[in-house]
Amino acid sequence: MKLRLTFLILRCLLLTNTAYSAALEIQITPKVSGENLQPASFCYQTSAGETFSVTRVSYLLSDFELQRNDGSWLELSNSVAWFDFSQNRDSICLEKIPSGEFSTIRFLVGLNTNLNHADPAKFPAGHPLNPDINGLYWGWQGGYVFVALEGLWRNSSGEMDGWAYHLGRDTNAVRVTLAVPLEITNETKVELDFDLATVLNAPCPLSFAKDGSSTHSRDGDPVSAALVKNLAVAFRVRKIAELTDTQITAANPKPLYLPHKFTPYPFHMSATFPIPDLPRDNPLTVERVELGKKLFFDKRLSINDRQSCADCHSPEKAFTDGRRLARGAEGSLGERNAMPLFNLAWKSEFFWDGRADSLRQQVLQPVQNPLEMHQSLTNLVVKLTRANDNYPALFSAAFGSSEITSEKISLALENYLLTLTSFDSKFDRVLSGQEKFTPEEERGFELFSTEYDPRRGQYGADCFHCHGGPLFQSQSFANNGLDDVFCDLGRAKITRKTLDTGKFAVPSLRNVALTAPYMHDGRFQTLEEAVEHYCTGVKRSATLDPNLARHPDGGVPLSAEDKKALVAFLKTLTDQKFLQPNACAKLAQK
């Protein structure tokens, strides 16, 4: 009887806790003077009369609190969110809130000191502070960008320039307090507006021409000081609603075709890398990696048995082919340069135009492309099934059945490609104290990591905006000024959005000394030519990346010595294994 009574008391407590545990969803919509933001549209004006567009709105919010009617504050632990207009990230759901009445909500635009200086490599995949997710980590300078606003504007001569306001540093976290009468009983939704006109115009008006078109929040910067004051009043309550249906989070996907017996594959990465979001329905196993590697080097994937994946992605060339345009199995030239295949675990969109959302989608497209391997998946399955070289046994070990399908082929190739990590370069050894930069390499790293902002005495090469962090890449697509008339529409060919015209994936600069020629069309044969482009060759267009558009015509004017130093630094990013014939042979060993 005593045991039963205890059970009933515990059950009653659990039911009570459930009844009084509610949720608050906060949705924030970027606005300009009360109107919905129209990205890349030149329809806005600063208080100084300057016409401008907005192409990026990305920011971090944290430390949410609710004020009870008695004046006390309820702190909502672990409340941090990344909002990004282009990524459709516009809300956060705060859970386990006790039911009750509240009068005020407050939060930080930015992060508290502890969060801002936490080790970014420790945040799990999917966490809003994982640098591979948000693209707001300062990189080697430490800390996060709290707010990133970018766009284009027309100067007094009618020419287009870029503007980029990046607010960060501990002292610039902004506390926002809003009166919001809430009676939370189940799940409540608060809709807020984030007015960009207020951020730029009031109470401290900003002029791109007068105050500067960029800020990186250095001490004493008047632009960042104005942004702090303006952000405090830029959020407004639009609507409060009680939701009837609680959002149900999808369960973790079940692993596909996982056999009863398998061997987990040890995934190797640098301690400085962010934690990747590896596919949970295709866990890494030794058996799948072995099968995927054999498939990667098998020429029977092509229609005439003359070309394997490795023919366009050779280990000796950091998994590229050294050609301006990729060449197919039947001799046809592809439309773009072959991209390197390493550190793919940290990418979420593949190909130069991002048309594949996963590696398993990516790997089958070259097989079927008439300009590449030109092989139907049906024919590929038949060829591998009839092959007399242990494929049935390998598929059985990897998937629990000897049946060969195109889906299993894609899963095995995905497994293998995810294991191709690169993190052992001279740069990494310098970071760990095992080696030292030469004076020229040190100067190159300084240039790489410093913005170009003469107004504030900064004369760097400004590379880190697009190639920052330990991966030296980003998840974004950018127009880097190669053309002002576009024969290849790039990302816009997939999204059908004008604002994506001329934009291509931002590749990693790791192993860049081995992956020539450069750019999506391989137009530059050497690193020196690629660097020269960013100094004298940048062409202006409506979709030019704002971080490039705010530079002088042509690009960042570096001296001959500085260009040479920048190239010297880029060469320190070469992984040691690609310089060792034995290591490359091991990568290619089937």
Side-chain angles (χ1 to χ4, degrees), residues 265 279 282 284 287-345 347 349-352 355-356 358-384 387 389-391 394-395 398 404-422 505 507-508 511 514-515 522 577-578 583-590:
Y265 186 93
N282 188 22
L284 293 180
E287 293 80 10
R288 292 191 184 188
V289 171
E290 180 183 352
L291 172 59
K293 185 174 183 179
K294 182 176 176 64
L295 289 166
F296 187 83
F297 289 92
D298 194 332
K299 294 182 182 294
R300 282 170 294 192
L301 267 66
S302 63
I303 189 172
N304 53 12
D305 298 348
R306 293 181 179 178
Q307 188 177 61
S308 68
C309 302
D311 288 310
C312 289
H313 303 282
S314 170
E316 292 82 4
K317 296 182 176 66
F319 292 95
T320 59
D321 62 0
R323 301 178 185 274
R324 181 172 180 267
L325 300 175
R327 179 177 293 174
E330 298 170 303
S332 299
L333 291 180
E335 298 174 342
R336 295 173 182 154
N337 183 251
M339 302 188 79
L341 301 180
F342 55 80
N343 293 343
L344 299 178
K347 289 188 69 65
E349 293 166 305
F350 302 89
F351 293 108
W352 283 106
R355 62 183 180 271
S358 67
L359 271 175
R360 70 190 66 168
Q361 292 180 23
Q362 184 273 330
V363 294
L364 295 181
Q365 292 193 35
V367 173
Q368 302 171 87
N369 191 318
L371 296 179
E372 298 184 62
M373 293 167 141
H374 201 186
Q375 172 105 273
S376 73
L377 297 181
T378 300
N379 194 49
L380 174 59
V381 169
V382 171
K383 286 169 69 174
L384 295 183
D389 55 1
N390 207 33
Y391 266 125
L394 289 173
F395 272 87
I404 298 175
T405 68
S406 59
E407 181 186 22
K408 292 177 182 178
I409 292 171
S410 70
L411 293 173
L413 283 168
E414 179 179 65
N415 241 232
Y416 171 63
L417 292 176
L418 287 170
T419 69
L420 302 180
T421 54
S422 178
S508 174
N511 304 306
L514 303 178
T515 59
K577 64 173 169 279
F578 296 119
C584 286
K586 185 176 180 181
L587 285 170
Q589 185 179 0
K590 301 183 283 294

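We're numbering straight along the sequence, starting at 1.
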How far does [atom1] of [X] sit from [atom2] of [Y], to the nearest 0.5 angstrom?
{"X": "Tyr391", "Y": "Leu291", "atom1": "OH", "atom2": "CG", "value": "7.0 Å"}
{"X": "Leu413", "Y": "Lys293", "atom1": "CG", "atom2": "NZ", "value": "13.5 Å"}
{"X": "Asn415", "Y": "Leu284", "atom1": "CG", "atom2": "CG", "value": "5.0 Å"}
{"X": "Leu377", "Y": "Ser410", "atom1": "CG", "atom2": "OG", "value": "9.0 Å"}
{"X": "Glu414", "Y": "Leu359", "atom1": "CD", "atom2": "CG", "value": "5.5 Å"}
{"X": "Lys299", "Y": "Asp305", "atom1": "NZ", "atom2": "CG", "value": "10.0 Å"}

Closest contact, heavy atoms only, [X] versus [Y]:
{"X": "Cys312", "Y": "Gln307", "result": "SG-NE2, 3.8 Å"}
{"X": "Gln361", "Y": "Ala356", "result": "OE1-CA, 3.8 Å"}
{"X": "Leu514", "Y": "Ala318", "result": "CB-CB, 4.2 Å"}
{"X": "Ala412", "Y": "Leu295", "result": "CB-CD1, 4.0 Å"}
{"X": "Val381", "Y": "Thr405", "result": "CG2-C, 4.0 Å"}

Is the backbone N or O of [Y] less than 3.5 Å from a side-chain atom of [X], with the two atoms forming a donor-acceptor pair by type?
{"X": "Asn337", "Y": "Arg323", "result": "yes"}
{"X": "Gln368", "Y": "Leu364", "result": "yes"}
{"X": "Glu287", "Y": "Ala398", "result": "no"}
{"X": "His313", "Y": "Met339", "result": "yes"}
{"X": "Trp352", "Y": "Ala338", "result": "no"}
{"X": "Ser302", "Y": "Met373", "result": "no"}

Just so I know, are the side chains of [X] and [Y] near enough to count as touching, which here means a heavy-atom distance under 4.5 Å?
{"X": "Arg355", "Y": "Gln365", "value": "yes"}
{"X": "Cys309", "Y": "Leu301", "value": "yes"}
{"X": "Ile409", "Y": "Leu384", "value": "yes"}
{"X": "Lys383", "Y": "Arg300", "value": "yes"}
{"X": "Phe296", "Y": "Leu341", "value": "yes"}
{"X": "Lys294", "Y": "Leu394", "value": "yes"}
{"X": "Leu420", "Y": "Phe319", "value": "yes"}
{"X": "Val363", "Y": "Leu417", "value": "yes"}

Quick one: do the [X] and [Y] side chains pair a donor with an acceptor below 3.5 Å?
{"X": "Asn511", "Y": "Ser422", "answer": "yes"}
{"X": "Glu316", "Y": "Ser314", "answer": "yes"}
{"X": "Asn282", "Y": "Arg288", "answer": "yes"}

Side-chain ion pair, Asp311 and Arg327, N-O less than 4.0 Å
no

| task | Report the C-alpha distance between Gln362 and Phe351 in whole Å, list the side-chain angles of each, state the deciding distance to 0.1 Å, and finish with yes or no for side chain to side chain contact (heavy atoms under 4.5 Å, CB included). | result | CA-CA 8 Å; Gln362 184 273 330; Phe351 293 108; 3.6 Å; yes

Q: Step by step, work out the side chain to side chain contact (heavy atoms under 4.5 Å, CB included) result for Phe297 and Tyr416.
A: CA-CA 11 Å; Phe297 289 92; Tyr416 171 63; 3.6 Å; yes

Would you say Glu335 has more than 12 foreign heavy atoms packed within less than 6.0 Å of its CD? no

Item to complete: I would like to know whether Leu418 and Tyr265 meet side chain to side chain contact (heavy atoms under 4.5 Å, CB included); could you show each step before the answer?
Response: CA-CA 11 Å; Leu418 287 170; Tyr265 186 93; over 6 Å; no

Give the C-alpha distance, both sets of side-chain angles, the deciding distance and a yes or no for side chain to side chain contact (heavy atoms under 4.5 Å, CB included) between Thr515 and Lys317.
CA-CA 6 Å; Thr515 59; Lys317 296 182 176 66; over 6 Å; no

